[in-house]
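Data first, discussion second: the structure below is written as structure tokens.
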Amino acid sequence: MNIRQLLDDRITAALHTLGAPDTVTAIVKPSARPEFGDYQANGVMAAAKQLKTNPRELATRLLETLDLSDLADKLEVAGPGFINIHLKNTWLSETVGRASARQPTPNTQTIVVDYSGPNLAKEMHVGHLRSTIIGDAVARVLEFQGYTVIRQNHVGDWGTQFGMLIAHMVSIAEQNGGVSDVAPQLADLETFYREAKQRFDAEPAFADAARDYVVKLQAGDAECHGLWQQFIDISLHHCEEVYERLGVSLTRADVMPESAYNADLANIVSELQAQGLLVENQGAQCAFLDEFKNKDGSITPIIVQKTGGGYLYATTDLAALRYRSGVLNIDRALYFTDARQALHFQQVFMLARKAGFVREGVALEHMPFGNMQGEDGKPFKTRTGGTVKLVDLLVEAEERAFTLVTAKNPALGEAERHDIARTVGIGAVKYADLSKNRNSDYIFNWETMLSFEGNTAPYLQYAYARIKSVFRKAGETPPNLPLSGKELKISLHEVAERTLAMKLLQFTEATDSVAKEGLPNHLCTYLYELAGNFMSFYEACPILKDGVAEDVRLSRLQLANLTAQTLQTGLGLLGIGVLERM
Ligand code: ARG
């Protein structure tokens, strides 16, 4: 249940009964301060303007028509015409008990989430981290909400670089005496790529061979294709190792590579041509759309075919979009790439719509993100200025977490400390990223992300483990408690109990907003506040102390249990694990 939405719907309906036009809504928000109630409706002022009436008067009339007595015990007009809503304790306590049985309602929409998409010529590096983990979190949330989610890992497996790589494979095979297995050399793709590039730049004969191979590959030459396939398989295997270590839900089945659209690219160009959307410009096929006019009057073109016939990134994305709309029959597509690709997506979306490659009503959304930066505010690099391999970063995260865990819990066995370190270390890296608004750049800092205080994964994981320890001490396993759906007696006498219950009920508001805006930081903020509310509750409301009445103890255990479940579910949606003890 989304309380905010529920209130918004009901108050909006009441406003309409009073004659407010359809465009007017209640604009319900959680109240900023407890004295303003739990929620506040701010839409009356705009409604009054439309109706040319006094807002306070309209607010008073609204309260006469509006019946929220089932869930609220006080509604009041404040300031120029705000409505403060105080929810009933009895309603809250009944609802919070039922809310634990959260069944996602089925949603009929099919949504493509396009994320990760590394270039397979090299190993994954830190530049791929944000797309991979932000996209994954959003895909999980959408799935949790009952949408049909189709993950699309649009990997770069085509293009001129592969000619160079094939040329290098061939020459190594020749050195091996004609044996074409170059797997050992491909174990380190980074080195392999570097060597190939060096030869490409230094040896004209090698560069010529590389160019020949691209042409052959694209023409479907069997031998070239075999070598290319071998390379791609190994490279994808590297990616899968990273996904596995990161706890990212992508599999081989989600890979829809650029090469898959190759056969369709000529059709894309000829259809655009037939529709009169292209002009030839210095031998290239370009679309000049007025929407992309610059200040000086020039237009930034969308190039779909280069001089000489080669196709581009945009051409492939047009084909992908047509496939997603026409074959996958999607209602919405979300693209997670860095902000520098913003213009690319605007142009592709616009041209695809004009060409009719996308069905009417399909929502296309680029979900951009900023850079991950080092302490110095510059793009994140190794000490020597090289790109950081993603796998190395993750290994370091686990090592650092292992040191921390060992310092905190020297008595635990080594294997358990390793398990904990993995969950904490990877969780910390992911959470540090997910908890920031993706639109801005963020500074990567090991100390803050691994801290047990503040808005971090370790803090939330610790809050969860702490609740579990309460249950262990109580000699109670959560399933023994009255379960959801059954009659639950949750009493909300203390402020801290009520605040915690209220927060528990706002989980859906957080996930709804992630689903809508593709901003996982909304869920992080929610979980952080929930953990904070729990800590205050735990201090103010003893559970295990002598003298706590049995019904109060059970009610508090229930609240603690719901908190643990919500933390686990929420972190799970972010792709982060919890620990029974740490
Ligand atoms: N391979 C691209 C890159 O590394 C990302 C692909 C994003 N998805 C897309 N449909 N263009 O920048």
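Here the structure is a predicted model, which means the values were calculated and not measured. In each ligand, atom 1 is the first atom listed, and ligand 1 is the first ligand listed. In this chain, numbering begins with 1 at the start of the sequence shown.
Contact annotation: for D317 versus ligand 1, heavy atoms closer than 4.0 Å belong to the side chain alone. With a 4.0 Å cut-off on non-hydrogen atoms, F345 touches ligand 1 through its side chain and not its backbone. Residue H128 does not touch ligand 1, judged by heavy-atom distances below 4.0 Å.
Note on ligand 1: Q152 sits outside its first shell, no heavy atom being nearer than 4.0 Å. Proximity of Y313 to ligand 1 is established by a heavy-atom distance of less than 4.0 Å.
Given atom 4 (O) of ligand 1, the protein heavy atom at minimum distance is G117 O, 3.4 Å. Atom 12 (O) of ligand 1 has its closest protein heavy atom at Q341 NE2, 2.8 Å.
Atoms of ligand 1 found under 4.0 Å from any heavy atom of D114 (numbered from 1 in listed order, with element): 7 (C), 8 (N), 9 (C), 10 (N). Of all atoms in ligand 1, numbered sequentially from 1 with element shown, those under 4.0 Å from a heavy atom of T337 are 7 (C). Listed by number with element, the atoms of ligand 1 under 4.0 angstrom from any heavy atom of Y335 are 10 (N).
Side-chain polar atoms of S435 and Y528 form no donor-acceptor pair below 3.5 angstrom. Defined by atom type and a distance below 3.5 Å, a donor-acceptor pair is present between the side-chain atoms of Y431 and N455.
No cation-pi contact links R438 to F369, judged by a cut-off of 6.0 Å to the six-membered ring centre and 45° from its axis.
Counting heavy-atom neighbours within 6.0 Å of E223 CD, excluding the residue itself, gives a total of 12 or less.
Every residue meeting the side chain to side chain contact (heavy atoms under 4.5 Å, CB included) condition with R211, not counting sequence neighbours, appears here in chain and number order: F200, A207, D208.
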- Item | Verdict with supporting geometry, L250 and R151, side-chain contact (heavy atoms from CB on, under 4.5 Å) | CA-CA 7 Å; L250 286 167; R151 291 169 175 75; 4.1 Å; yes
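Note on D233 versus R252: salt bridge recorded, some NZ/NE/NH1/NH2 to OD/OE distance being below 4.0 Å. Of the charged side-chain nitrogens involved, at least one lies within less than 4.0 Å of a carboxylate oxygen, so that E396 and R400 count as a salt-bridged pair.
At under 3.5 Å, not a single nitrogen or oxygen of N119, backbone or side chain, sits near a nitrogen or oxygen of ligand 1.
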